[in-house]
Structure formats: structure tokens, C-alpha cells
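Here it is, the structure in full.
Computed from a predicted structure; not experimentally measured. A note on names: the letters A, B, ... follow the listed sequences, proteins ahead of strands, and every chain is numbered from 1.
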Amino acid sequence: MTTETPARGERTARFDPGSYERKWQDRWEADGLYRANDDDPKPKRYVLTMYPYPSGDLHIGHWYAATAPDIVARMHRMRGDNVMFPMGFDSFGIPAENAAIARNIHPAIWTNANIERMRTQFRTIGAMFDWEREVVTSDPLYYRWTQWLFVQFYKAGLAYRAMGAVDWCPKDKVVLAREQVVGVERRCWRCDTPVEKRDLEQWWFRTTKYADEMLDFSGIDWPEPIKLMQTNWIGRSEGAEIDFAVEEATAEPIRVFTTRPDTIFGATFMVLAPEHSLVERLTTDDRRTDVAAYVANARRQTEIDRLNTEREKTGTFIGAYAINPMTDERIPIWIADYVLPGYGTGAIMAVPAHDERDYAFARRFELPIRHVVAPRDGEPQPDAAYVSHTDDEVLIDSGSFSGMAADEGGLAITARLAELGRGETAVTYRIRDWLVSRQRYWGAPVPIVYCAEHGAQPVPEDQLPVLLPEDVDFAPTGVSPLQSHEAFLAATCPVCGGPARRETDTLDTFVDSSWYFLRYVSPRDAEQAWDPEALARWLPVNLYTGGAEHAVMHLLYSRFFVKALRDMGHLSFDEPFEKLRNQGQILGADHQRMSKSRGNVQNPDDLTARYGSDAVRLFLMFIGPWDQGGPWNSSGIEGVHRFLGRVWGVAQPAALRGTAEIPGAPEELVRALHRATHTTIAGVTQDYEAFHFNTAIAKLMELTNAIVRARESGLSPTDAYAEAVDTLLLLLAPAAPHISEELWQRRGRPYSVHQQAWPVADPVLAAADVIELPVQVDGKLREKLVVTPDTPADEIERMALASEHVQRYLAGRTPRRVIQIPGKLVNIVTPRD
RNA sequence: GCCGGAGUGGCGGAAUGGCAGACGCGUCGGUCUCAAACACCGAUGAGUGCAAGCUCGUGUGGGUUCGACUCCCACCUCCGGCACCA
């Protein structure tokens with residue numbers, strides 16, 4: 001699409017992005033313009049966007065995600081930083097394997113072909129990626145170090161193998177980490193299939209060790225919602241663990257966790273999870289049949305059913321009694337599936353008067369309900385009621401603790417229990433350890449061998465990588481194809497040299513992505529995971545961008561990795577990403593997530609071919625706030641295309657237009673152009689920094705419109721005009737790198753526009769000569785005064801009161817007050833009636 | 001249920017205590033053209049008026065303030081996250 005720009009005199013070049021965009025992409029690449037050098041003395045800045053999964057084709061979302069950090073990276077580079085902005089591929093994972101099964105292509109071939117295609121497509125964005133640093137996680141050069149890291153974690157006791165009730169995706173036939181199971185419906189994060197529970201022996205990373213430290217976000221600039229999501233996910237609860245003796249003297253006490261030790265006088269029964277280890281021993285003979293039936297049934301329940309809060313409470317009495325350590329009262333012990341085996345101690349003291357779930361259970365099974373806290377000045381509650389928690393409540397009917405404030409009483413009760421040796425303060429977390437093993441082929445093999453005599457042994461570091469064999473059968477059998485590969489299975493025990501069997505599980509791809517940002521500093525180092533000097537120079541990442549959907553997966557795991565590696569002595573910083581910004585999602589025109597099955601995917605290639613990369617970049621950034629995303633509607637791209645056409649028009653060298661000499665351009669017009677130029681510098685700089693790309697582009701449009709008007713007034717031969725145009729190109733360069741480079745060159749400026757210094761606003765030139773001051777009467781706009789900014793307040797007041805319009809609304813009354821906000825407005829307040 | 005985010009013209013959005021609707025899309029009118037497309041110029045929140053203007057207007061209802069899209073209280077709707085977590 002080309003546009004004839006209006007020309008005075010001689011012909012000007014046509015605006016045709018197709019004629020120059022590719023040329024500049026090739027030139028930048030040939031010149032290594034965006035290579036980040038380790039020995040550059042300028043201050044370093046590491047800008048990173050989450051690397052993609054090589055699914056096949058670049059879509060509009062990739063453009064959206066890449067353009068914003070590219071703008072910021074480019075601006076920082078122009079401001080004098082040594083910027084590293086690398087890109088790579090998260091290339092292990094199940095889709096490649098599914099493609100292999102469906103189409104009989106080896107995952108490596110499928111993956112590499114996709115990477116090849118996406119690399120080419122990525123180039124059309126015109127981003128300043130340093131491709132020399134590319135990482136590909138399925139490359140043995142990379143996964144060798146993923147395996148090496150696993151071995152380090154194993155040796156440090158942070159990787160372990162254990163039996164667990166794990167989440168299993170029946171479609172992908174693979175276990176999932178707790179973080180990868182989404183929503184109430186408990187669905188697989190990747191394929192949306194409801195997961196099942198299975199008891200399996202698996203490999204785990206001890207993320208819980210860093211639960212507390214990961215609650216601390218001081219020193220990192222992250223969006224509040226992400227910090228909150230991580231905080232909630234980690235789910236720290238403070239309270240007490242309390243031992244309840246069992247009536248049968250030989251049995252060990254039941255330990256419960258509670259956040260409300262203040263309510264212990266109201267504990268009228270106990271509930272154990274059906275899976276609790278004491279159930280078998282405590283159940284009396286007469287209750288054994290019922291209890292066994294209940295336990296069996298609970299085991300058969302899907303987790304969805306079990307976690308359904310709407311469902312009526314179920315449970316059964318096991319025949320045994322415990323002793324409330326504060327009241328010495330004999331209370332019955334029940335089992336119920338609303339108590340979860342994996343949280344706290346898997347047992348609770350039930351306080352039905354002050355806990356909704358216990359209340360529902362007590363009502364159902366006619367158990368006693370006793371109030372032990374009450375609002376300080378509240379009405380007495382009927383016995384059968386549930387009393388919700390309030391800020392100001394006191395203990396009642398709680399022995400010597402009665403009358404104490406609830407929180408204070410909780411501490412006092414816990415202290416008393418500690419004296420008695422019956423309890424202590426305790427903290428529990430909801431976060432679980434990270435399940436990292438996967439029963440699939442296309443991942444980094446877990447570098448472990450099993451020896452009949454010496455058990456699980458890590459593969460010695462000099463034998464890494466454990467390579468994936470290529471000649472495997474991908475028939476969907478439900479087990480990893482590695483399990484039937486005899487040559488792969490056969491291994492040697494590193495301790496005794498005897499025969500051993502190789503682990504056939506591979507690592508979760510989130511293990512790969514938990515450290516890729518470290519590998520970019522020395523991506524081809526064959527001797528080590530990273531060059532420590534280069535790491536010290538570049539890390540931590542100064543700016544990280546990506547989707548908020550990774551809040552409790554990738555972003556949490558990466559923090560865990562860095563903290564663990566720090567404690568192992570491999571690096572010396574605490575957080576991977578100093579500043580994080582999330583992009584919103586670009587939805588289809590139907591307001592749904594773009595997906596091939598919905599057929600609402602917008603292909604950027606057609607748009608790029610029609611309007612050019614710059615227009616697509618600008619349009620995506622102009623839609624609205626970047627963190628908001630929104631439905632796709634391509635009709636607006638015409639607007640940015642027209643804008644670029646105007647930029648093209650005003651930036652043509654004056655000689656080309658054959659403009660006649662304008663004698664003495666009016667000085668106020670020149671000042672107005674200066675003012676527009678310098679206010680735009682300040683505004684755009686601020687907006688880019690704040691990720692307000694939509695308003696930055698609006699300001700660039702305004703400056704362009706001002707330049708168009710200036711040209712029409714005959715200002716094009718002036719220095720102010722040349723400065724305005726040059727400034728426009730410099731400010732536009734990060735967002736629309738191709739047209740800026742092309743016009744910069746056509747104006748005879750030195751290559752490259754992307755290596756020029758960022759313009760600096762002159763506050764004197766930016767200052768307004770006159771301001772328009774709104775005058776309100778009782779808060780309603782009635783007049784506008786045009787004054788110089790230094791007009792004294794009393795003069796402004798006199799002018800305002802003298803105004804005919806103001807006089808009309810005053811109607812002879814004397815103003816009660818005159819409020820002046822300097823430079824902003826005048827408000828005249830009339831007397832009240 | 002709990003925790004976040006959001007609600008402004010026909011549409012995307014701007015304004016974080018001070019002129020609501022910047023910038024753009026769309027629409028209408030015009031210029032250019034044999035005609036169209038492109039481009040350019042003008043208008044464009046609603047109501048009312050010949051007009052200057054006036055009245056209303058930022059999800060709803062209250063409040064604070066000289067002044068509220070912006071702050072406070074109560075609610076409604078949509079989006080996201082978490083959810084028998086004791």
C-alpha cells in the first residue's frame with residue numbers, strides 16, 4: 001500500500017514501507033547493530049521477554065509481547081546503556097511429542113522446523129534481539145546443564161524422590177505439578193482435561209524450603225497482583241499445633257494445627273482426614289465396618305467431588321474419644337473428607353460455633369455448639385448460631401482466659417499449652433514441593449540411575465548429558481517410550497560399577513525455563529552452565545516482561561532456583577528479575593482467546609505485508625494500555641498507517657520539496673513549534689518508561705500534526721522545523737524502527753538512528769508563553785482568561801471578576817471566596833443562600 | 001465465599017482532586033477525480049436554541065470538598081486468581 005504525499009514543486013519519494021523495511025533488517029543484522037558485548041564499558045541493562053514455545057507460527061500475541069520491551073530496550077540504548085535483549089526457545093514439551101504421535105514425525109524434527117520458521121518470522125518484527133545469544137532448551141548443549149543443575153539440587157538435598165498422591169492428566173498421560181492444575185475443576189493447564197489423583201513415586205524440588213523468603217518482595221519492582229497471587233499461593237498461616245490426648249492411654253496424642261487457638265474452649269469434637277495414620281489404630285471394633293467403608297469411599301472420590309464446597313458434609317464417628325487439654329472434656333473423634341491429609345497435620349479440633357465448616361458438620365451430625373468468643377459489645381448469640389469473626393471480640397466461657405481480647409487470648413492459651421508440653425506456636429504453608437518428573441519422552445532425562453545395591457545415584461557430572469535416544473517408538477502406550485528402549489535403560493552404577501537401570505522420567509519444561517535467563521550470558525559455553533564473570537556482569541535481569549498467567553509457575557520457580565543456587569554458592573544475588581511488567585492478552589475479534597480451534601487467530605504476516613512492520617507495531621501499542629490487552633480489531637490500523645504517511649511527508653528534505661524562501665517566519669509560530677517539540681520529548685520519555693505506549697504514540701501524533709501545520713505556515717526552512725522533525729524521528733525510532741532509520745538516512749543524518757543520543761527536553765523551550773485559565777463560578781466553567789504564566793494572583797482575580805460572564809452569574813453578589821490554583825484555574829464561590 | 005483488576009461518546013481509549021472525552025477509529029459533510037479508491041479539509045457526548053448560550057452527562061445510591069471520572073461508605077455488573085487450607 002503506497003501513499004502519494006502532497007508535494008510542492010518536485011516529486012517526493014513515495015511512502016512504501018515494503019521498499020525499505022527488509023533492507024534495514026538485513027543491514028542491522030549484517031552490522032551486528034544489536035549485539036550486546038560483555039566488554040562494553042557503558043552501564044549494562046538486561047531486558048528480557050519470556051521466550052516462546054515453538055508451536056509453529058508467530059501470532060499477533062508474540063508481536064504484542066515483543067514490541068513493548070523492544071521499545072524500552074531501544075530507548076535505554078539511545079540513552080547510553082549497553083543493552084542485552086536476547087531471545088530463545090522453550091523447545092521441550094508435550095506438543096512436539098503429540099505431533100510425533102499424530103504425524104509420525106520425530107519431535108526434534110518438528111521442533112527444529114518450527115524454530116526455523118519462527119526465527120524468520122521474528123525478524124520481521126524488527127526487534128533488537130541479539131540472536132547470537134539464542135538458547136534452545138532441547139539442544140543437548142543446553143539440557144546438559146539442566147541435568148547438571150538437577151544433580152546440584154540432588155546433592156544439596158533440594159531434589160528428592162518420594163511417593164505422593166499426585167495429579168495425573170489422563171489425556172497427556174503425565175503427572176503435573178500442583179501449580180499446573182487450574183481452577184476448581186482441577187484441569188490440566190495445558191490441555192484443559194480434568195486431572196486424576198494417583199499414588200506414584202516421583203521426583204520433587206523442595207520449593208517449600210524457600211516459602212518464607214519468597215514472601216519477601218522487598219527490593220523488587222513487580223506488579224501488585226502478581227505479588228499477591230504468589231503470596232496467596234504460598235499461603236502462610238500462623239497459629240498453633242496442639243496435642244489432644246486420646247482417651248485410650250496407650251495411643252499417641254493427636255496433633256492438630258489451628259489458626260484459632262483462642263477458640264479451644266469451644267472445641268467439641270475432633271476430625272481426622274480419612275487418610276490419617278491414626279485412624280486404623282483408634283477405630284473401635286463396633287465402628288470398624290462403617291469407618292472402613294467411609295475411608296474406601298473417600299479414596300475413590302475424585303478430587304473435584306471432594307473439594308466441592310457446595311456438597312453436604314459427610315463423615316463418620318470412629319468410636320474413640322480425645323481429651324480437650326484446656327477443659328479436660330471428653331470429645332468424640334470423627335473422620336471426614338473435608339479435612340485434607342496434606343495440609344497442617346491432617347487433623348483438626350472442631351469449633352463449630354466459630355468455623356463455618358465445623359458448624360455445618362455439627363448441625364448435620366447433631367454435635368454440640370459452644371460459643372467462646374463474642375463481639376465486645378455484641379448481643380448474646382443463641383447457642384445454635386455460627387458467629388463470624390470480627391476485629392473486636394473477647395473470650396467468654398474460657399476459664400481464666402475469659403474477658404481477654406481474642407488475639408491476646410490465643411497467645412496466652414498457646415503459652416499455657418506450651419508450659420503443659422501440649423502445644424506450641426506453628427506456621428503452615430499451602431505451597432507444596434514442586435513435582436518435576438514427567439512420564440514423557442521430549443524433555444531432559446532425569447540424570448539418575450538405579451543400582452540394585454546402591455539405590456538411586458546421580459549420573460556423574462562428566463557423563464552428562466544423558467542424551468535422549470533418537471530411535472524410539474512413539475506409539476501412545478501410556479508410558480514413556482524410553483521405558484522400552486533397552487540401550488537407554490542399561491547403565492552402570494557410579495558407586496560399584498555394577499549394572500544399573502536408568503531413570504526414564506524427564507524433567508518438567510518449567511525446570512528448563514527456571515534458569516534460561518542465566519544461560520543467555522554465555523549460551524555456547526561447553527564447560528559450564530554459565531560463565532561466572534559474565535553472570536556477575538549481566539544479572540539480575542533489569543526488566544522482565546511476559547504474561548501474568550505465569551504468576552505461580554515460571555515466576556515462582558525462577559525465584560526458587562535463584563535462591564537455591566545462591567545458597568549453593570553458584571551465584572550471589574537474591575532475585576532473578578528486578579522489575580517485572582505484564583502484558584495483557586490480545587483476544588480474538590470475538591473477545592475469546594485466540595486459538596486455532598476457534599478460528600479467530602489473527603495472522604500478522606498479512607498485515608505486515610500490507611502496512612509494514614512499523615504500522616503493526618505501532619497499532620498494537622496504540623490499542624490501549626499494554627498491561628490490559630483487549631479484543632483485536634484491525635480497522636484502527638489505518639489510523640497509524642496514515643500517521644506514518646504524514647511523518648513521511650513532513651520529514652522529506654526541504655530541498656526535495658523545492659520550498660520557496662519564506663522571509664522571516666513569525667516568531668510566535670517558531671516558539672510554538674519549539675514548545676511542541678520539547679513538551680513531546682518530556683512526555684514521550686516519561687510514557688515509554690512507564691509502559692504507557694498508547695499515550696506516547698498519541699503525543700507523537702500530536703507533534704506530527706503540529707509539524708504539518710508549521711509546514712503549511714511556511715516554517716519548513718527554519719531550524720526549528722528541522723529540529724522538530726529530527727526529534728520526531730528519534731522519539732519514534734524505538735516504536736517504529738524502520739521508517740525512522742529510512743527517513744534519518746534520507747535527511748542525510750549519520751547511520752544509525754538507533755545509535756543516536758536520546759533527545760533531552762529544554763524546560764525553557766517547553767514552557768508556555770501564555771496559558772488559558774478556566775474561571776469557574778461555584779465550580780461551573782463560565783469564562784476563560786488568557787494570561788502570561790507570571791501574571792500575579794490579584795491581577796488574575798481582578799480580571800476574573802471583571803469578566804462579563806462572571807458578572808452575570810454573580811448577579812450583584814459579593815463573592816464569598818476566590819480560589820486560585822496557580823496555572824490551573826480560578827473558582828469564584830458565591831455566598832450561600 | 002475470599003483476594004485482585006475494571007466499568008467514561010457508536011468503538012479503542014485520555015484525564016488520579018482543578019476546562020471530562022486528548023489521540024485514533026467510525027460516521028456525516030466537503031475538496032480532488034469522468035468515476036471510484038487513496039489522500040486532504042471540516043463537523044461529530046446527549047438534549048435544547050436562529051444564535052451567544054443553557055441544561056444534563058464518567059455503572060448505581062449516598063458522603064467529603066469551593067471543586068469528584070479521580071477520595072470515603074454501601075451496592076450492581078464484567079474479567080482474572082484462589083477456594084472445605086482448619
Exercise. How would you label the contact of A/Gln628 with the nucleic acid (heavy atoms, under 4.0 Å): base, sugar-phosphate, or nothing?
Worked result: sugar-phosphate
For this session: Check side-chain hydrogen bond (donor to acceptor under 3.5 Å, both in side chains) between A/Asn633 and all other residues, then give those that pass, not counting sequence neighbours.
Result: A/Ser635
For this session: Using the P atom on both, measure B/rU48 against B/rG10 and round to a whole Å.
Result: 16 Å
Exercise. B/rG12 P sits how many Å from A/Trp632 CH2, rounded?
Worked result: 15 Å
For this session: With sequence neighbours left out, write down each residue that passes ring pair (Phe, Tyr, Trp, His ring centres under 6.0 Å) with A/Tyr557, or none if nothing qualifies.
Result: A/Trp434, A/Phe510
Exercise. Has the side chain of A/Lys313 got a donor or acceptor that lies under 3.5 Å from a partner of the other kind on the base of B/rC84?
Worked result: yes
Exercise. Would the A/Phe265 and A/His371 ring centres measure less than 6.0 Å apart?
Worked result: no
Exercise. If we take the P atom in both B/rC25 and B/rA39, what is their distance in whole Å?
Worked result: 9 Å
Exercise. Should the pair A/Arg642 and A/Trp648 be classed as cation-pi, given the thresholds of under 6.0 Å to the six-membered ring centre and 45° from the axis?
Worked result: no
Problem set entry | Residue-phosphate contact under 4.0 Å: A/Asn694 side-chain N/O, B/rA14 OP1/OP2 | yes
Problem set entry | A/Pro774 side chain, from C-beta outward: closest of B/rA86, B/rA83, B/rC19 | B/rC19
For this session: Determine the Euclidean distance between corresponding P atoms of B/rC41 and B/rG24; express it in Å to zero decimal places.
Result: 10 Å
Exercise. Are A/Trp233 and A/Tyr429 close enough that their ring centres sit under 6.0 Å apart?
Worked result: no
Problem set entry | Rounded distance (Å) that lies between atom P of B/rG13 and atom CD1 of A/Ile586 | 10 Å
Exercise. Closest to the A/Leu228 side chain: B/rA83, B/rC3, B/rG18?
Worked result: B/rC3
Exercise. Considering only the P atoms, how many Å lie between B/rG62 and B/rG18, rounded to the nearest integer?
Worked result: 24 Å
Problem set entry | Nearest-nucleotide comparison on RNA chain B, the residue closer to the 5′ end among A/Trp233 and A/Gly624 | A/Gly624
For this session: For B/rG17 versus B/rG67, give the span between their C1' atoms, rounded off to a whole number of Å.
Result: 8 Å
Exercise. Looking at residues at least two apart in the chain, or sitting in another chain, which of them share a ring pair (Phe, Tyr, Trp, His ring centres under 6.0 Å) with A/Phe622?
Worked result: none
Exercise. Does a nitrogen or oxygen in the side chain of A/Arg178 sit under 4.0 Å from OP1 or OP2 of B/rA83?
Worked result: yes
Problem set entry | Integer-rounded Å distance: B/rG4 C1' and A/Ile226 CD1 | 11 Å
Exercise. Roughly, in whole Å, what's the span from CZ in A/Arg709 to P in B/rG42?
Worked result: 9 Å
For this session: May I have the distance from A/Ile819 (atom CD1) to B/rC19 (atom C1'), rounded to whole angstrom?
Result: 16 Å
Exercise. Do the ring planes of A/Phe361 and A/Trp334 sit parallel (below 30°), tilted (30 to 60°) or perpendicular (above 60°)?
Worked result: perpendicular
Nucleotides 23-26 of chain B: which of its N/O atoms have a protein N/O under 3.5 Å away?
from: B/rG24; atom 1: OP1; to: A/Asn705; atom 2: ND2; distance (Å): 3.2
from: B/rC25; atom 1: OP1; to: A/Arg642; atom 2: NE; distance (Å): 3.0
from: B/rC25; atom 1: OP1; to: A/Arg642; atom 2: NH2; distance (Å): 2.7
from: B/rC25; atom 1: O2'; to: A/Ser635; atom 2: OG; distance (Å): 3.2
from: B/rG26; atom 1: OP2; to: A/Arg642; atom 2: NH2; distance (Å): 3.2

Exercise. With a non-hydrogen cut-off below 4.0 angstrom, is A/Pro625 in contact with a base, only sugar-phosphate, or nothing?
Worked result: sugar-phosphate
For this session: With sequence neighbours left out, write down each residue that passes salt bridge (Lys or Arg N to Asp or Glu O under 4.0 Å) with A/Glu179, or none if nothing qualifies.
Result: none
Problem set entry | Interatomic distance where CG belongs to A/Leu587 and C1' belongs to B/rG12 [whole Å] | 13 Å
What N/O pairs connect the protein and nucleotides 53-57 of chain B at under 3.5 Å? Give each pair on its own line.
from: B/rC54; atom 1: OP1; to: A/Arg782; atom 2: NH1; distance (Å): 3.3
from: B/rC54; atom 1: OP1; to: A/Tyr809; atom 2: OH; distance (Å): 2.7
from: B/rU55; atom 1: OP2; to: A/Arg782; atom 2: NH1; distance (Å): 3.4
from: B/rC56; atom 1: OP2; to: A/Lys780; atom 2: NZ; distance (Å): 3.1

Exercise. Heavy atoms under 4.0 Å, any strand shown: does A/Ser237 hit a base, just sugar-phosphate, or nothing?
Worked result: sugar-phosphate
Problem set entry | Gap in Å between the two C1' atoms, one belonging to B/rG12 and one to B/rG21, rounded | 13 Å
Exercise. When rounded to the nearest Å, what value does the distance between C1' atoms of B/rC84 and B/rG4 take?
Worked result: 22 Å
For this session: Using heavy atoms to find the nearest nucleotide of RNA chain B for A/Glu356 and A/Thr345 separately, return the residue whose nucleotide is more 5′.
Result: A/Glu356
Exercise. Between B/rG81 and B/rC28, how far is it from one C1' atom to the other, in whole Å?
Worked result: 46 Å
Exercise. Contact class for A/Asn827 (heavy atom, under 4.0 Å): base, sugar-phosphate, or nothing?
Worked result: base
Exercise. Closest to the A/Asp337 side chain: B/rC19, B/rA86, B/rC84?
Worked result: B/rC84
Problem set entry | Under the salt bridge (Lys or Arg N to Asp or Glu O under 4.0 Å) test, residues paired with A/Glu224 that sit two or more places apart | A/Lys227
Exercise. Can you list the residues that meet the ring pair (Phe, Tyr, Trp, His ring centres under 6.0 Å) rule with A/Tyr294, with sequence neighbours excluded?
Worked result: none
Exercise. Quick one: does A/Asp262's side chain have a donor or acceptor within less than 3.5 Å of a partner on A/Asp407's backbone?
Worked result: no
Exercise. Where the side chain of A/Thr695 is defined as all heavy atoms beyond and including C-beta, which of B/rA15, B/rG18, B/rC3 is the nearest nucleotide?
Worked result: B/rA15
For this session: Look at all strands and tell whether A/Ile348 reaches a base, only sugar-phosphate, or nothing, counting heavy atoms closer than 4.0 Å.
Result: base
Exercise. Can you list every pair that meets salt bridge (Lys or Arg N to Asp or Glu O under 4.0 Å) and has a residue in residues 617-630 of chain A, with sequence neighbours left out?
Worked result: A/Asp70-A/Arg617
For this session: Pull up the glycosidic torsion of B/rG5 and say syn or anti, syn being anything within 90° of 0.
Result: anti
Using atom types as modelled, flag every donor-acceptor pair under 3.5 Å from a side chain in residues 691-700 of chain A to any protein atom, sequence neighbours excluded.
from: A/Thr695; atom 1: OG1; to: A/Asp687; atom 2: OD2; distance (Å): 2.9
from: A/Thr695; atom 1: OG1; to: A/His692; atom 2: O; distance (Å): 3.1
from: A/Lys699; atom 1: NZ; to: A/Asp687; atom 2: OD2; distance (Å): 2.6

Exercise. Just how far, in rounded Å, is C1' of B/rA52 from CD of A/Glu783?
Worked result: 13 Å
Exercise. Under the salt bridge (Lys or Arg N to Asp or Glu O under 4.0 Å) test, which residues partner A/Arg255, sequence neighbours left out?
Worked result: A/Glu241, A/Asp243, A/Glu424
Problem set entry | Nucleotide B/rC82, atom P - distance to CG of A/Leu340 in whole Å | 16 Å
For this session: Taking only the side-chain heavy atoms of A/Val182 (C-beta and beyond), determine which of B/rC3, B/rG12, B/rC82 contains the nearest atom.
Result: B/rC82
Exercise. Looking at CD1 of A/Ile707 and CZ of A/Arg711, how far apart are the two atoms once the value is rounded to the nearest 0.5 Å?
Worked result: 10.0 Å
Exercise. Once Watson-Crick and G-U wobble pairs under 3.5 Å are found, how is RNA chain B written in dot-bracket notation, 5' to 3', with | for any base paired to another strand?
Worked result: (((((((..(((.....[....)))((((((.......))))))((((....))))..(((((..]....))))))))))))....
